[in-house]
Amino acid sequence: MKIAMFSAKPWVHQAFEPLADSFSAGITWLEPRLEPATAALAAGHEAVCVFVNDQVDAAAIQRMKDVGVRLVALRCAGFNNVDLKAASRAGIGVVRVPAYSPYAVAEHAVGMMLCLNRRYHRSWSRVLEGNFALDGLLGFDMRGKVVGVVGTGKIGKVLCDILQGFGCRILAYDTFPDPALRDSGVEYVELPAIYERSDILSLHCPLTPETRHMIDARSLESMKKGVMIINTSRGPLIDTVAVIAALKTGKIGYLGLDVYEEEQELFFEDHSEQVIQDDVFVRLQTFPNVLITAHQAFFTKEAVDNIARVTMENIREFLRTGTSANRVD
Ligand code: NAI
């Protein structure tokens, strides 16, 4: 099987290369993102493999169809960057890795909560400079705090388990509540109640037209003053401009982002020698109570190994049978 691997960063190479022989795969490593302008690079390959910020829109799909591509294999869970209708019209299959390590993402979300709360990022740099003062580092006990979890699928569920271990009280909202979580003590409520009652709010639902900008000026208005918001799901769940306004008034006390609305222009690349042109992002970086990581929540050894193995299995299964258990329709 011939695979065009777009956005092929070193970690992708390291994870997939050892599997190539056992899957009889010829992999072409392509550094650029997939987008309409680069789609023709897939010529001569049955499958393309892409990641979260590749732009699999109708134009890119048409160009891939023109050069004989049969399959788009996402090496991630989310598929909001794929025009599924265009893929279906073009007769191109789409597969994904539905679960590779919910623990990786949930643990990163908890890490962000603790870092923001206890200001590890600030104390680390202080101690390096020989400043051992505690002023400005006052945190709070996690025990007894109300954490609102939006989306209790694979990642949200693990987060609930971890936070229950901390002694937090968990409120949850999901369009399909999980009875086992309810039995474990998680209280399902409607979204407005989550916004009103949570000390910490963590987002774990997919990006859909319904969830886009769910955190906006209106929902922020109903939240507790000083709320902590964590987003490790998808950037556009949050209206960044509204969040900046709420940071300025102190409505938001802490903000942890592993994803950002316009991240495709920034994340996964080294821009340290350039002037960042995204003024909204640069404003976010100026707040002492904002912690941003560059879409790394998934990035553990276990997750990456699972991503590579399942992606290769998906491609082999689809090319042999014309479908896959992990097909996205
Ligand atoms: P999942 O599919 O297991 O769970 C998603 C849950 O959200 C489901 O229970 C679903 O019923 C619920 N849901 C759907 N629409 C909703 C709505 N309008 N309001 C509330 N809940 C809703 O997905 P999983 O694996 O837990 O992943 C969650 C999200 O995390 C993914 O959509 C993806 O965007 C993101 N993600 C981020 C990663 C990162 O590295 N930062 C890595 C992996 C996933």
Side-chain angles (χ1 to χ4, degrees), residues 9-11 52-53 103-143 145 147 159 162-163 165-166 168 198-203 215 220 223-233 235 237-238 240-301 303-304:
K9 298 290 173 205
W11 71 265
V52 290
N53 288 333
Y103 310 102
V105 183
E107 288 168 10
H108 190 78
V110 175
M112 294 192 105
M113 289 173 197
L114 293 177
C115 184
L116 283 163
N117 170 6
R118 308 302 297 270
R119 295 167 168 84
Y120 295 141
H121 53 315
R122 309 203 80 200
S123 53
W124 179 76
S125 58
R126 269 192 200 188
V127 169
L128 279 182
E129 288 174 9
N131 176 356
F132 308 107
L134 297 181
D135 310 82
L137 300 181
L138 188 68
F140 58 81
D141 286 3
M142 293 291 284
R143 184 178 175 78
K145 293 297 174 296
V147 183
L159 183 76
I162 296 172
L163 292 176
F166 276 70
C168 296
S198 297
D199 300 303
I200 300 173
L201 183 67
S202 198
L203 305 177
I215 306 302
L220 284 163
M223 292 182 200
K224 285 188 183 174
K225 189 166 173 67
V227 64
M228 179 188 292
I229 299 179
I230 305 289
N231 186 9
T232 58
S233 191
L237 296 181
I238 287 184
T240 316
V241 172
V243 152
I244 287 173
L247 281 161
K248 285 164 80 176
T249 62
K251 184 73 173 186
I252 296 178
Y254 315 79
L255 178 67
L257 300 179
D258 185 54
V259 288
Y260 167 62
E261 264 191 296
E262 306 298 334
E263 69 176 50
Q264 57 281 10
E265 301 304 322
L266 295 170
F267 287 8
F268 306 137
E269 302 295 337
D270 180 359
H271 295 287
S272 57
E273 297 295 323
Q274 295 155 18
V275 174
I276 292 179
Q277 300 296 321
D278 182 337
D279 292 348
V280 174
F281 184 81
V282 173
R283 181 68 180 102
L284 268 183
Q285 286 180 305
T286 65
F287 293 97
N289 50 352
V290 173
L291 177 68
I292 305 174
T293 53
H295 209 135
Q296 72 171 78
F298 75 98
F299 201 48
T300 64
K301 176 156 182 16
V304 167

Self-check item: N/O donor-acceptor pair under 3.5 Å between Asn117 side chain and Gly139 backbone
Solution: no
Quiz item: Do Gln264 and Glu269 touch side chain to side chain, with heavy atoms closer than 4.5 Å?
Solution: no
Quiz item: Any side-chain heavy-atom pair from Val127 and Phe132 closer than 4.5 angstrom?
Solution: yes
Exercise. Can you establish whether the number of heavy atoms outside Leu138 located under 6.0 Å from its atom CG is more than 12?
Key: no
Quiz item: So Phe267 and Tyr260, would you call those rings parallel, tilted or perpendicular, with 30° and 60° as cut-offs?
Solution: tilted
Quiz item: Where does the angle between the aromatic ring planes of Phe268 and His295 fall among parallel (under 30°), tilted (30 to 60°) and perpendicular (over 60°)?
Solution: tilted
Quiz item: How about Val110 and Phe166: do any of their side-chain heavy atoms sit closer than 4.5 Å?
Solution: yes
Quiz prompt | Phe281 CZ to Ile244 CD1 distance, which is reported to the nearest 0.5 Å | solution = 10.5 Å
Self-check item: OH (Tyr103) with more than 12 external heavy atoms under 6.0 Å
Solution: no
Self-check item: Over all atoms of both residues, closest heavy-atom pair of Asn289 and Gly253
Solution: ND2-O, 2.9 Å
Exercise. Can you measure from CG (Asn53) to CD (Glu262) and round to the nearest 0.5 angstrom?
Key: 10.5 Å
Quiz item: With a 4.5 Å limit on heavy-atom distance, are the side chains of Val259 and Val52 in contact?
Solution: no
Quiz item: Between atom NE2 of His108 and atom SG of Cys115, what is the distance when rounded to the nearest 0.5 Å?
Solution: 9.5 Å
Practice problem: Flag yes if more than 12 heavy atoms outside Lys9 fall under 6.0 Å of its NZ atom; otherwise flag no. | Solution: yes
Exercise. Grab the two heavy atoms, one from Ser233 and one from Leu203, that are nearest each other, plus how far apart they are.
Key: CB-O, 3.4 Å
Quiz item: Under 4.5 Å between any side-chain heavy atoms of Leu114 and Met142, yes or no?
Solution: yes
Quiz item: Distance from Leu137 atom CG to Arg126 atom CZ, nearest 0.5 Å?
Solution: 4.0 Å
Exercise. Indicate yes or no: at least one non-hydrogen side-chain atom of Leu257 is less than 4.5 angstrom from one of Val243.
Key: no
Practice problem: Working to the nearest 0.5 Å, report the span between CZ of Arg119 and CG of Leu134. | Solution: 12.0 Å
Exercise. Indicate the atoms forming the closest heavy-atom contact of Leu220 with Lys251, along with that distance.
Key: O-CE, 2.9 Å
Exercise. For the residue pair Met223 and Ile215, establish whether any side-chain heavy-atom pair is separated by less than 4.5 Å.
Key: yes
Quiz item: What residues, two or more places apart in sequence or in another chain, satisfy salt bridge (Lys or Arg N to Asp or Glu O under 4.0 Å) together with Lys224?
Solution: Asp199
Quiz item: Which pair of non-hydrogen atoms, one from Met113 and one from Met228, has the smallest distance, and what is that distance?
Solution: O-CE, 3.5 Å
Self-check item: Close side-chain approach of Arg283 to Lys248, heavy-atom, < 4.5 Å
Solution: yes
Quiz prompt | Those residues that, when tested against Thr240, pass side-chain hydrogen bond (donor to acceptor under 3.5 Å, both in side chains) (two or more places apart) | solution = Glu261
Self-check item: Contact summary for Ile200 and Ile230, nearest pair of heavy atoms
Solution: CG2-CG1, 4.5 Å
Quiz item: Hey, what do you get for CD1 (Ile276) to CD (Glu265), rounding to the nearest 0.5 Å?
Solution: 12.0 Å
Quiz item: So which heavy atom on Gln296 is nearest to which on Asp258, and how close?
Solution: N-OD1, 2.8 Å
Quiz prompt | Expected output: side-chain Asp270 to main-chain Ser272 donor-acceptor under 3.5 Å | solution = yes
Exercise. Kindly determine whether Leu284 and Leu247 satisfy side chain to side chain contact (heavy atoms under 4.5 Å, CB included), including the steps that lead there.
Key: CA-CA 9 Å; Leu284 268 183; Leu247 281 161; 4.0 Å; yes
